[in-house]
Undergrad: 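Got a structure here, written out as structure tokens. Questions coming.
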Amino acid sequence: MAEQHDLYDVTIIGGGPVGLFTAFYSGMREMKTKIIEYLPFLGGKVPYFYPEKIIRDVGGIPQKSGELFTEDLIKQAKTFNPTIVLKEQVVGITRLKNGHFQLTSRDGQVHNTKTVILATGYGILKSTKLELPEAPTYENDTLHYTIQRMASYQGKHVFISGGGNSAIDWANELEPIAKQVTLIHRKPTFRGMESNISKMKNSSVKIKQPYHIKSLHGERSKLSHITLQHADTKEIETLHIDNLIISHGFQIDLGSINDWGMEMENSSIKVDSTMSTSIPGIFAVGDIANYPNKLHLIAGGFNEGPIAVNAAKQFIDPEHTLSHLFSTNYEPFRKE
């Protein structure tokens, strides 16, 4: 077992999908690799927020649940036996005289590495709460900010509040399971993928827009009714409800990374075409990385990870000519 103060070629901060694939590719390049994840499990927000959400935007995978997708990513990431550290939040970084980095965690642990790849996503995510005084009464019983098990909504009157991809996805996923799904959105237009919006509009999902939630009613932790208000006419409507799902996005906290001295842009880290930050030897991939025409897809992060690994390998050994290899390299037969 590797010791805490062993020197690593690459330390990946973040064990979400992009961090996991980055670790796999780093192993392919025979780099000594460590993953540090602040959650007690790997997979990031996918298994935490969306274990049953269907992943469809990764090439070669027609559809797979977030839970199974994460299991495959973890298995792949472990191919070359990287060191995996869970339940540690990296808060400090120091550049040593020899050019290496020393990372320190909130609980005082120290990690030494030649390069760092930040794959933290948006940092620590917290769901944006419903700002009603009675909302906490129903939270974790009939009011939720994510869906863990869709079967628990079987035969229920489910209301979803939100107008982005997540809200629309959940409406489509729950439509064949729940007795009735109603989507509430305070604006007249949606922000989701066009095909998903069309699917929802052609289903039995009821759409209430532009409406917002005015008040909740129930007994103890059980919701029974919801009062909606029209954004323009101010018309009030009270409807029966069993469950409420709030999908109003997340509050983003990058924590101490903001203080590391890297050039930031739009609450993320500015990188160049090699995924290098403004600090040599530190790279960023996935949602935390910012560059022109950035596409926030897992598939995009899967491309950024290998780019960062190759750049890290070149940074460690700048005199070595680096070939951008892949796992299925084909060497043609040559006659002697």
Side-chain angles (χ1 to χ4, degrees), residues 39 45-53 66 121-192 196-197 200-201 203-253 255 267:
L39 290 171
K45 69 180 181 181
V46 174
Y48 187 79
F49 290 108
Y50 314 118
E52 292 191 332
K53 182 176 180 179
Y122 289 114
I124 298 173
L125 294 178
K126 295 181 180 179
S127 297
T128 300
K129 296 294 187 78
L130 179 62
E131 293 184 357
L132 288 175
E134 66 271 25
T137 302
Y138 306 103
E139 288 178 0
N140 301 316
D141 190 340
T142 51
L143 190 161
H144 300 278
Y145 295 95
T146 184
I147 295 177
Q148 293 296 317
R149 294 289 175 255
M150 288 189 289
S152 63
Y153 298 91
Q154 180 79 41
K156 302 290 183 66
H157 287 265
V158 181
F159 283 67
I160 302 171
S161 179
N165 264 325
S166 292
I168 295 164
D169 282 352
W170 284 128
N172 287 330
E173 296 290 343
L174 288 175
E175 188 262 348
I177 297 172
K179 185 173 183 179
Q180 179 62 59
V181 175
T182 302
L183 185 69
I184 313 158
H185 186 37
R186 61 188 176 86
K187 295 183 178 180
T189 57
F190 294 107
R191 304 185 310 277
N196 290 336
I197 294 171
M200 177 182 68
K201 289 183 174 179
S203 73
S204 67
V205 173
K206 291 182 179 180
I207 298 173
K208 304 292 291 185
Q209 66 181 143
Y211 279 86
H212 70 271
I213 302 171
K214 185 172 178 61
S215 59
L216 304 174
H217 315 276
E219 186 174 346
R220 296 181 181 176
S221 62
K222 304 294 184 183
L223 283 166
S224 61
H225 292 84
I226 186 171
T227 298
L228 308 178
Q229 185 174 42
H230 194 280
D232 299 325
T233 67
K234 308 305 178 184
E235 173 190 2
I236 297 293
E237 188 173 356
T238 299
L239 302 167
H240 170 68
I241 185 174
D242 292 314
N243 292 97
L244 174 62
I245 299 163
I246 302 297
S247 183
H248 293 174
F250 302 99
Q251 296 173 343
I252 300 169
D253 181 10
S267 299

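What you see below is based on every heavy atom in this structure, not just the backbone, and it leaves out hydrogens, waters and symmetry mates. Note that the numbering runs from 1 along the sequence shown for the chain. Keep in mind that this is a model prediction, so the values were computed, not measured.
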Undergrad: Going by side chain to side chain donor-acceptor pair (under 3.5 Å), name the residues that satisfy it together with R149, two or more places apart in sequence or in a different chain.
TA: E67
Undergrad: With sequence neighbours left out, what residues match K222 under salt bridge (charged side-chain N to carboxylate O under 4.0 Å, His left out)?
TA: D141
Undergrad: Could you give the side-chain donor-acceptor pairs of residues 178-191 under 3.5 Å, partners two or more places apart or in another chain?
TA:
residue : atom : partner : partner atom : Å
Q180    : NE2  : S204    : O            : 3.0
H185    : NE2  : T189    : O            : 2.9

Undergrad: Are any of the side-chain heavy atoms of V205 and I160 separated by less than 4.5 Å?
TA: no
Undergrad: State which residues pass side chain to side chain donor-acceptor pair (under 3.5 Å) with D169; sequence neighbours excluded, sorted by chain then number.
TA: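 With sequence neighbours excluded, D169 shows a side chain to side chain donor-acceptor pair (under 3.5 Å) to K53, N196, given in chain and number order.
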Undergrad: Supply the atom-to-atom distance L239 CG to H157 NE2, rounded to the nearest 0.5 angstrom.
TA: 10.5 Å
Undergrad: Between T142 and L223, is there a donor-acceptor pair closer than 3.5 Å when you use the side chain of the first and the backbone of the second?
TA: yes
Undergrad: Between CG of N243 and CD1 of I226, what distance do you get to the nearest 0.5 Å?
TA: 11.0 Å
Undergrad: Which residues pass the side chain to side chain donor-acceptor pair (under 3.5 Å) test with H248, not counting sequence neighbours?
TA: S161
Undergrad: CD1 of I213 to CZ of F159: how many Å apart, nearest 0.5 Å?
TA: 9.0 Å
Undergrad: Out of curiosity, Q209 CD to H230 NE2, how far, rounded to the nearest 0.5 Å?
TA: 9.0 Å
Undergrad: Please lay out, stage by stage, how L174 and I147 fare under the test side-chain contact (heavy atoms from CB on, under 4.5 Å).
TA: CA-CA 10 Å; L174 288 175; I147 295 177; 3.6 Å; yes
Undergrad: Per the salt bridge (charged side-chain N to carboxylate O under 4.0 Å, His left out) rule, what does the pair list look like for residues 153-167, sequence neighbours excluded?
TA: none
Undergrad: Who are the ring pair (Phe, Tyr, Trp, His ring centres under 6.0 Å) partners of H212, not counting sequence neighbours?
TA: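 Listed in chain order: nothing, the list is empty.
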Undergrad: Could you list all the salt bridge (charged side-chain N to carboxylate O under 4.0 Å, His left out) pairs where at least one residue sits in residues 228-250, not counting sequence neighbours?
TA: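 As it turns out, the salt bridge (charged side-chain N to carboxylate O under 4.0 Å, His left out) pairs with a partner in residues 228-250, which skip direct neighbours, are K208-E237.
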Undergrad: From I207 CD1 over to K201 NZ, what is the distance, rounded to the nearest 0.5 angstrom?
TA: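 Output value for this atom pair is 6.0 Å.
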Undergrad: Mind listing the side-chain donor-acceptor pairs of residues 130-138 below 3.5 Å, one per line with the distance, residues two or more places apart or on another chain?
TA:
residue : atom : partner : partner atom : Å
E134    : OE2  : L216    : N            : 2.8
T137    : OG1  : E134    : O            : 3.4
Y138    : OH   : G218    : N            : 3.0

Undergrad: Taking only residues two or more places apart in sequence or in another chain, which ones pass side chain to side chain donor-acceptor pair (under 3.5 Å) with E139?
TA: Y145
Undergrad: My understanding is that only residues two or more places apart in sequence, or in another chain, count here; which of them pass salt bridge (charged side-chain N to carboxylate O under 4.0 Å, His left out) with E175?
TA: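 By the salt bridge (charged side-chain N to carboxylate O under 4.0 Å, His left out) rule, E175 matches no residue at all.
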Undergrad: If you measure from CD1 on I246 to OG on S166, what distance do you get to the nearest 0.5 Å?
TA: 13.0 Å
